[in-house]
Chemist: 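Can you read through this structure? Questions will come right after.
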Amino acid sequence: MTSASHSASHSAGGTQAPTRLRLIRPDDWHLHLRDGVLLQAVLPATAARFARAIVMPNLQPPVTTVAMAAAYRERILAALPPASTFQPLMTLYLTEATPVTEIQAAVQSGFVHGVKFYPAGATTNSENGVRDLRRVYPVLAAMEKHGLPLLLHGEVTDPEVDIFDREAVFIESVLRPLLADFPGLKVVLEHITTAEAVDFVRAHGERLGATITVHHLLHNRNALFRGGIRPHHYCLPVLKRERHRQALVAAATSGAPEFFLGTDSAPHLRGQKESACGCAGIYSAPAAIELYAEVFAAAGALEQLEAFASRNGPRFYGLPENSDHIALELRPWTMPEFLSIGGDELVPLRAGESVAWSLVPDEG
Ligand code: NCD
Ligand code: ZN
């Protein structure tokens, strides 16, 4: 259970908010680590906070085979800070050419934990994704048989569909029939952004999980246009209305086992964000768990953070909970304006602004 000590400086009477938290070390169930220098730059922040992460396969070229996932995993392990025990949980990128034999190989590998479905054209590096779902039905049947989860980017790509409706339309037109056709398939609806998604996931119980990012818990779509266009708040699925943000906060803080932490931290260099056609993706890794703590504190639900961050994910994926802990203290710090990487820069979420919680050594 979460243990929370109470500040003696707070006035007596009323409910005192905890100022220190100790959690089973959390995992990040949806993360982009990229490759090369970018991987080197972003991995330490995640490894300092999380024990494991489901690593997205949307590299160029995409990670479509177990052999490619094995090589990528080795590059991640080689980029870890000394003595880090962080474990990358690998995924395969589903294409219409993925053979059924690759699913058997994935299950046998022991290090591939899911297969990622990108509707072709939905987001960053999704060109090789799926156009016709029927073409991957044999692969989905094999995943259902072996218990390998399908991880969904849940947005339709039809340019006629309003961008703010693409998730809700996906749920009815793709996800509902998919779940009916594969009643035993484990599915994660990734980075949910709408009240419709929350309701749908709640109604489907055990075999359907959902990750929720910290930026969708913190921000509504006004953040995209505050005083001018804000490319560092642009991600996919795009931020939604306030009522949707509130539904996400209610889901995340409810303790319900189908909702778990997935940052979707998705770094792009400054020039690729601040552009006439800027990339989608928010880089939240440098304060990920601290910012989730802010959300849970604001909702008066810090006691539910451990379920969301450290228990529900392993339970869905059939993995053990982590055996060590992290500690957080209510002590503000300022996120740097940017992080230097080679001759370039990465702008993190909350750049130049205050973060309320600090990661501190766990004193047991
Ligand atoms: C992700 C990326 O940059 O790889 N971008 C994003 O806005 N979330 C891709 C994705 O998860 O959609
Ligand atoms: Zn993502």
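Values below: every heavy atom of this structure, side chains too, minus hydrogens, waters and symmetry copies. The first residue of the sequence shown is numbered 1, and numbering continues consecutively from there. All of these numbers come straight from a predicted model, not from anything done at the bench. Remember, it's 1-based here, ligands and their atoms both numbered in the order they're listed.
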Chemist: Centre-to-centre under 6.0 Å for His233 and His219, is that the case here?
Modeler: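 Yes, the ring of His233 comes within the 6.0 Å limit of the ring of His219, centre to centre.
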Chemist: Among Asn128, Leu59, Thr65, whose side chain to side chain contact (heavy atoms under 4.5 Å, CB included) with Tyr93 holds?
Modeler: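 So, applying the side chain to side chain contact (heavy atoms under 4.5 Å, CB included) to Tyr93 and each of Asn128, Leu59, Thr65, only Asn128 qualifies.
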Chemist: Could you check whether Arg134 makes a cation-pi contact with Tyr137, meaning its NZ or CZ is under 6.0 Å from the centre of the six-membered ring and within 45° of the ring axis?
Modeler: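 Yes.
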Chemist: What atoms of ligand 1 come within less than 4.0 Å of a heavy atom belonging to Ala266?
Modeler: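 With Ala266 as reference, the close atoms of ligand 1 come out as 1 (C), 2 (C), 3 (O), 5 (N).
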Chemist: Would His32 and Asn58 count as having a side-chain donor-acceptor pair, cut-off 3.5 Å?
Modeler: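 Judged by distance alone, the side chains do pair up.
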Chemist: With heavy-atom distances below 4.5 Å as the criterion, would you say the side chains of Asn125 and Tyr118 are in contact?
Modeler: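 A side-chain contact is absent here, since even the closest heavy-atom pair is not under 4.5 Å.
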Chemist: Does any N/O atom on Leu236 come nearer than 3.5 Å to any N/O atom on ligand 1?
Modeler: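 Yes, there is a polar N/O contact under 3.5 Å.
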Chemist: Tell me, which protein residue and heavy-atom name are nearest atom 12 (O) of ligand 1, and how many Å apart are they?
Modeler: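 For this ligand atom, the closest protein heavy atom is Thr123 OG1, 2.7 Å.
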Chemist: Does ligand 1 have any atom that is closer than 4.0 Å to a heavy atom of His191?
Modeler: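 Yes, His191 has a heavy atom closer than 4.0 Å to ligand 1.
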Chemist: Go through it in stages, so that I can follow the logic: the residues are Asp264 and Thr213, the test is side chain to side chain donor-acceptor pair (under 3.5 Å), and I'd like the CA-CA distance, side-chain angles, deciding distance and then a yes or no.
Modeler: CA-CA 6 Å; Asp264 194 18; Thr213 78; over 6 Å; no
Chemist: Identify which one of Glu294, Glu337, Glu290 satisfies the salt bridge (Lys or Arg N to Asp or Glu O under 4.0 Å) criterion when paired with Arg350.
Modeler: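 By the salt bridge (Lys or Arg N to Asp or Glu O under 4.0 Å) criterion, Arg350 pairs with just one of Glu294, Glu337, Glu290: Glu294.
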Chemist: Under 4.0 Å from a heavy atom of His30: give me the atoms of ligand 1 that qualify, with their elements.
Modeler: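 Answer, ordered by atom number: 11 (O).
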Chemist: Could you tell me if the ring centre of Phe316 sits under 6.0 Å from that of Trp29?
Modeler: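 No, the ring of Phe316 stays outside the 6.0 Å limit from the ring of Trp29, centre to centre.
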Chemist: Geometry only, no angles: is Cys235 polar-contacting ligand 1 at N/O separations under 3.5 Å?
Modeler: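 No, no N or O pair falls under 3.5 Å.
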Chemist: So which bit of Arg34 gets within less than 4.0 Å of ligand 1, heavy atoms only: side chain, backbone, both or neither?
Modeler: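 The answer is the side chain.
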Chemist: With the side chain counted from C-beta on, respond yes when Leu261 and Ile289 share a heavy-atom pair under 4.5 Å apart, and no when they do not.
Modeler: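 Yes, side chains in contact.
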Chemist: For Phe164, is the NZ or CZ atom of Arg221 found under 6.0 angstrom from the centre of its six-membered ring and inside 45 degrees of the ring axis?
Modeler: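 Cation-pi check for Arg221 and Phe164: passes.
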Chemist: With backbone taken as N, CA, C and O and side chain as the heavy atoms from C-beta onward, which portion of His153 lies under 4.0 Å from ligand 1: side chain, backbone, both, or neither?
Modeler: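 Within the 4.0 Å criterion, His153 contacts ligand 1 through side-chain atoms alone.
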Chemist: Flag the pair Arg34 / Pro267 as yes when at least one side-chain heavy-atom distance between them is below 4.5 Å, and no otherwise.
Modeler: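 In short, these two side chains touch, coming nearer than 4.5 Å.
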Chemist: After noting the C-alpha distance and the side-chain angles of Thr193 and Lys240, does the key distance pass the side chain to side chain donor-acceptor pair (under 3.5 Å) rule?
Modeler: CA-CA 7 Å; Thr193 62; Lys240 302 295 193 303; 2.9 Å; yes
Chemist: Please list the nearest protein heavy atom to atom 5 (N) of ligand 1 with its residue and the distance rounded to 0.1 Å.
Modeler: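 Sorting protein heavy atoms by distance from atom 5 (N) of ligand 1 puts Ala280 O, 3.1 Å first.
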Chemist: Salt bridge check, Asp362 against Arg22: does any charged N sit closer than 4.0 Å to a carboxylate O?
Modeler: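 Yes, charged N to carboxylate O under 4.0 Å.
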Chemist: Could you go step by step and tell me if Thr101 and Gln104 meet the side-chain contact (heavy atoms from CB on, under 4.5 Å) rule?
Modeler: CA-CA 5 Å; Thr101 50; Gln104 286 141 11; 4.0 Å; yes
Chemist: I'd like to check which ligand 1 atoms, numbered from 1 as shown, lie under 4.0 Å from a non-hydrogen atom of Thr124.
Modeler: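 Near Thr124, the atoms of ligand 1 are 2 (C), 3 (O), 4 (O), 5 (N).
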Chemist: Among protein atoms, how many N/O/S atoms lie less than 2.8 Å from the Zn ion (ligand 2)?
Modeler: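 Considering protein N, O and S only, the Zn ion (ligand 2) has 3 within range.
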Chemist: Could you tell me whether some N/O pair between Ile282 and ligand 1 is separated by less than 3.5 angstrom?
Modeler: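 Such a contact does not occur with ligand 1.
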Chemist: Just let me know how Met56 lines up against ligand 1, side chain, backbone, both or neither, with a heavy-atom cut-off below 4.0 Å.
Modeler: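 Neither part.
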Chemist: Regarding ligand 1, does Tyr118 bring an N or O atom to under 3.5 Å of one of the ligand's N or O atoms?
Modeler: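 For ligand 1, there is no N or O atom that lies under 3.5 Å from one belonging to Tyr118.
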Chemist: Tell me which one of His32, Lys116, Glu190 gets a heavy atom nearest to atom 1 (C) of ligand 1.
Modeler: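 Selected option, by shortest heavy-atom distance: His32.
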Chemist: Short N/O distance, under 3.5 Å, between Asp264 and ligand 1?
Modeler: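 Yes: some nitrogen or oxygen of Asp264 is under 3.5 Å from one in ligand 1.
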Chemist: Suppose I only count heavy atoms of Gly281 and a 4.0 Å limit; which atoms of ligand 1 are within that range?
Modeler: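 It comes down to these atoms of ligand 1: 5 (N), 6 (C), 7 (O).
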